[in-house]
S.K.: 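Pasting in a structure now, in structure tokens, and then I'll have a few things to ask.
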Amino acid sequence: LGAVTLLSLGMELLPKMDSGTTFITVETPSGSSLEETEGVIADVEEVIRREEALEQVSTQIGFEPGMHSFGGGGVQGPTQGYITITWTPRTEREDSIWDIQARLRDRLAEVPGIENLVIRESGSTAVATTASSIVVRLRGEDPLVLDKLGDEVRDTVASVPGTVNTYRSWRRDQQTVTLTVDAERARELGLSPSAVSREMVQSLDGALAGVYRGTGDEDTPIRVRYAESYREDPEDAYAVRAFSGTAGRTVPVRTVADGTEVTVQGLVTRENLEPTLDILALHEARPLSFVTADVEAAVSQIELPEGYEISMEGEEKDMAESRSRLAGALAIAFLAVYLLLVAQFRSFAHPITVLVAVPLSLIGVSAALWIAGMPVSMPVLVGMILLIGIVVNNSIILIDFIQQYQAAGHDLRTAVTESVSARFRPIMMTSLSTIVGMIPLAMEWALGAERFSPLAVAVIGGMTAATFLTMIVIPVFYSAVDDLGRKLRRKSPETAEGTEG
């Protein structure tokens, strides 16, 4: 019953935590200037300032070469802004961080000029390298096909209850210019394609000319490029002059090169050299295992061209790995306790009687989690491993007393009755001290306690059920095993005599 109830609760890798910090990634349409992105970010900040729980806002607009970020945008550049928000502690506000973020998503949806928006709390994924809690990965050889499938998969994922903030890892909306160099004409002028492109980059983006040594440790790089009046129009790029060794003078780049505007994907992702596209989403209000199961069922209905695949990644994959490891640890702990008890009782049967308390504790664990409205998570499994070592102690003490009474000459019924009466108070005192000690963590009185409260809830429920059931079930089970052992021992000599006759 306890195991069935646990399965019905769903599963998470780690419980959600109200950290008081929100990260927002804003991406403007491809080709937007830094000034245009700054204007959009200003509108976003205005919406954020309406929240009463706001403490601090930190904004970064654009990305310099060499910078890296795990935000929710695609290619990094002047079209991207990254906002870090600090809220008042959860103990000092009425709304949770998820209520605030849901409100921001609704309000920011009305801000013009936003191409992509990702709002998430700090610690939204248990593993830092996991991009999102739900990741659906498309694989195939043609990025154009992936791009078309991506919209369908994104809409499908967004329609699943419990998913929020669905977005794509890349979009095919990057405006770029493909430069074509007339190799024969360039050869006549003594120019190479690399020399032409180098001149354009240095003239428009700038060439490093030195470093300005400021006060202290502040060093400012000096870049030299054409004046702004010569970089205003797209045609100005072809007016850049490159030195021709054959002609002995500089010539405009347009004499040997021409450009074509094309739309490409700004971010290229591959797995084993095969193009990929990720559809990412966060989950709320439902356990991760239920949401991912519904997402997997929904995307499996999509018809894919031959050679294309869909797979589930994200926290579901991390959870499967962690679950298998903890299940192995649980089995090892159970086996180790059993072997120690075999050595202590010098019996293979009575240790099983002791370990009956472990499945009994599952009834309390499942009931406690159901009452608290918590799904099964890794801390719960850790709590169950902890329970193996705790709940068997009461059984060991009880059975040891029963055996001592039997050794003193008492019959089984008297030994069981006297042992339960003698050990009731000590067992209740040790169990209650453990339960009371776990209450502050289970009630999440401290900031950050959300991560570990399921462990405390599991221990409280398991200890409560195991303590009371141990006083009833373990003596009965011990009596049944002992009676069975006596019958087998009485039957063995009779069997042996029948064989001799």
S.K.: Answer whether the closest heavy-atom distance between the side chains of Thr84 and Gln60 falls below 4.5 Å.
M.R.: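 Side-chain contact under 4.5 Å: no.
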S.K.: Assess whether atom CZ of Phe290 is packed by more than 12 heavy atoms of other residues, nucleotides or ligands within 6.0 Å.
M.R.: yes
S.K.: Is the backbone of Ala281 close enough, under 3.5 Å, to the side chain of Ser132 for a donor and an acceptor to pair up by distance?
M.R.: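 Checked: pair present.
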S.K.: Where is the tightest heavy-atom contact between Thr79 and Ser32, given as atom of each residue plus distance?
M.R.: CG2-O, 3.7 Å
S.K.: Going through the distances and angles, do Trp87 and Thr22 end up as a side-chain contact (heavy atoms from CB on, under 4.5 Å)?
M.R.: CA-CA 8 Å; Trp87 310 106; Thr22 295; 2.8 Å; yes
S.K.: Val160 and Asp294: which non-hydrogen atoms are nearest, and at how many Å?
M.R.: CG1-CB, 3.6 Å
S.K.: How about CD on Glu92, more than 12 heavy atoms from neighbouring residues, nucleotides or ligands closer than 6.0 Å, or not?
M.R.: yes
S.K.: More than 12 heavy atoms of other residues, nucleotides or ligands under 6.0 Å from CD of Glu115: is that the case?
M.R.: yes
S.K.: Which residue, Thr464, Thr470, Thr467, forms the side-chain hydrogen bond (donor to acceptor under 3.5 Å, both in side chains) with Ser431?
M.R.: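 Running side-chain hydrogen bond (donor to acceptor under 3.5 Å, both in side chains) over Thr464, Thr470, Thr467 with Ser431 returns exactly one hit, Thr467.
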S.K.: Measure the CD1-CG distance between Ile402 and Leu412 for me, rounded to the nearest 0.5 Å.
M.R.: 7.5 Å
S.K.: Side chain of Arg154, backbone of Arg168: donor and acceptor closer than 3.5 Å?
M.R.: no
S.K.: What distance separates Arg49 CZ from Leu54 CG, expressed to the nearest 0.5 Å?
M.R.: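 Those atoms lie 8.0 Å apart.
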S.K.: Flag the pair Asp95 / Glu52 as yes when at least one side-chain heavy-atom distance between them is below 4.5 Å, and no otherwise.
M.R.: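 No. Closest side-chain heavy atoms not under 4.5 Å.
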S.K.: What do the steps show when you test Ile399 against Thr353 for side-chain contact (heavy atoms from CB on, under 4.5 Å), and what is the final call?
M.R.: CA-CA 9 Å; Ile399 292 176; Thr353 305; 3.7 Å; yes
S.K.: Just by modelled atom types, is the Val416 backbone N or O under 3.5 Å from a matching donor or acceptor in the Ser419 side chain?
M.R.: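 Judged by distance alone, no pair lies under 3.5 Å.
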S.K.: Return yes if some donor-acceptor pair links the side-chain N/O of Thr86 with the main-chain N/O of Glu55 below 3.5 Å, else return no.
M.R.: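 Looks like no, no N/O pair under 3.5 Å.
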S.K.: Is there a side-chain hydrogen bond (donor to acceptor under 3.5 Å, both in side chains) between Glu309 and Ser311 once you walk through the steps?
M.R.: CA-CA 7 Å; Glu309 299 178 356; Ser311 64; over 6 Å; no
S.K.: Look at the side chain of Arg171 and the backbone N and O of Gln265, then say whether any donor-acceptor pair between them is shorter than 3.5 Å.
M.R.: no
S.K.: In Å, rounded to the nearest 0.5 Å, how long is the span from CD of Gln101 to CZ of Phe23?
M.R.: 10.5 Å
S.K.: Would you kindly say whether Glu444 and Ser453 are connected by a side-chain donor-acceptor distance under 3.5 Å?
M.R.: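 A donor-acceptor contact under 3.5 Å links the two side chains.
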S.K.: Identify the heavy atoms of Asp18 and Trp98 that sit nearest to each other, and give their distance.
M.R.: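 Shortest heavy-atom separation between Asp18 and Trp98 comes out as N-CH2, 3.6 Å.
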S.K.: Counting only heavy atoms not in Met428, do more than 12 fall under 6.0 Å of its CE?
M.R.: yes
S.K.: Could you measure the distance from the OG1 atom of Thr25 to the CZ atom of Arg120? Nearest 0.5 Å is fine.
M.R.: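 Thr25 OG1 to Arg120 CZ: 7.5 Å, rounded to 0.5 Å.
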S.K.: Could you check whether any side-chain heavy atom of Ile396 comes within less than 4.5 Å of a side-chain heavy atom of Gln344, counting everything from C-beta outward?
M.R.: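 Side-chain contact under 4.5 Å: yes.
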S.K.: Looking only at atom types and distance, does a side-chain atom of Arg93 sit under 3.5 Å from a main-chain N or O of Thr88, one as donor and one as acceptor?
M.R.: yes
S.K.: Side-chain contact, heavy-atom cut-off 4.5 Å: Val356 with Val473?
M.R.: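 When only atoms from C-beta onward are counted, Val473 and Val356 do touch, with a gap below 4.5 Å.
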S.K.: Ignoring hydrogens, what is the shortest heavy-atom contact between Pro143 and Trp170? Give both atom names and the distance.
M.R.: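 Taking Pro143 first and Trp170 second, the nearest heavy atoms are O-CH2, 3.7 Å.
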S.K.: Counting only heavy atoms from other residues, nucleotides and ligands, does the tally under 6.0 Å from CD of Glu141 exceed 12?
M.R.: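 12 or below, so no.
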S.K.: Backbone N or O of Thr430 within a donor-acceptor pair of the Thr434 side chain at under 3.5 Å?
M.R.: yes
S.K.: Could you tell me how the ring of Tyr338 sits relative to the ring of Phe348: parallel (under 30°), tilted (30 to 60°) or perpendicular (over 60°)?
M.R.: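 Aromatic pair Tyr338/Phe348 classed tilted.
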S.K.: Could you please spell out the steps behind the side-chain contact (heavy atoms from CB on, under 4.5 Å) verdict for Thr91 and Trp445?
M.R.: CA-CA 8 Å; Thr91 54; Trp445 289 344; over 6 Å; no
S.K.: Show the nearest heavy-atom pair for residues Ile474 and Ala357, with the distance to one decimal.
M.R.: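 Closest heavy-atom pair between Ile474 and Ala357: CD1-N, 4.0 Å.
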S.K.: In the structure I gave you, are the side-chain heavy atoms of Ile97 and Thr21 within less than 4.5 Å of one another anywhere?
M.R.: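 In short, these two side chains do not touch, never coming nearer than 4.5 Å.
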S.K.: Go through the steps for Val380 and Val457 under the test side-chain contact (heavy atoms from CB on, under 4.5 Å), then give the verdict.
M.R.: CA-CA 8 Å; Val380 172; Val457 170; over 6 Å; no
S.K.: Can a donor-acceptor pair be found, under 3.5 Å and without considering hydrogens, that links the side chain of Asp142 to the backbone of Leu144?
M.R.: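 Checked: pair present.
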S.K.: Between Thr292 and Glu315, is any pair of side-chain heavy atoms under 4.5 Å apart?
M.R.: no
S.K.: Looking only at heavy atoms, what is the nearest atom pair of Ser366 and Leu9, with distance?
M.R.: O-CD1, 4.0 Å
S.K.: Looking at side-chain heavy atoms only, is the closest gap between Val153 and Ile310 below 4.5 Å?
M.R.: yes
S.K.: Salt-bridged, Arg139 to Glu313, with N to O below 4.0 Å?
M.R.: yes
S.K.: Can you tell if the side chain of Leu108 reaches within under 4.5 Å of the side chain of Ile119, non-hydrogen atoms only?
M.R.: yes
S.K.: Which residue, Arg105, His283, Glu284, forms the side-chain contact (heavy atoms from CB on, under 4.5 Å) with Asn165?
M.R.: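 With Asn165 as partner, side-chain contact (heavy atoms from CB on, under 4.5 Å) holds for just one option, Arg105.
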S.K.: Between OG1 of Thr417 and CG of Asp411, what distance do you get to the nearest 0.5 Å?
M.R.: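 Between Thr417 OG1 and Asp411 CG, I get 8.5 Å after rounding to 0.5 Å.
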S.K.: Measure the CD1-OG distance between Ile85 and Ser122 for me, rounded to the nearest 0.5 Å.
M.R.: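 Reported value, rounded in 0.5 Å steps: 12.5 Å.
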S.K.: Given 3.5 Å as the limit, does a donor-acceptor pair link the side chain of Thr163 with the main chain of Val157, or not?
M.R.: yes
S.K.: So, does Thr28 use its side chain to make a donor-acceptor pair with the main chain of Thr37 at under 3.5 Å?
M.R.: no
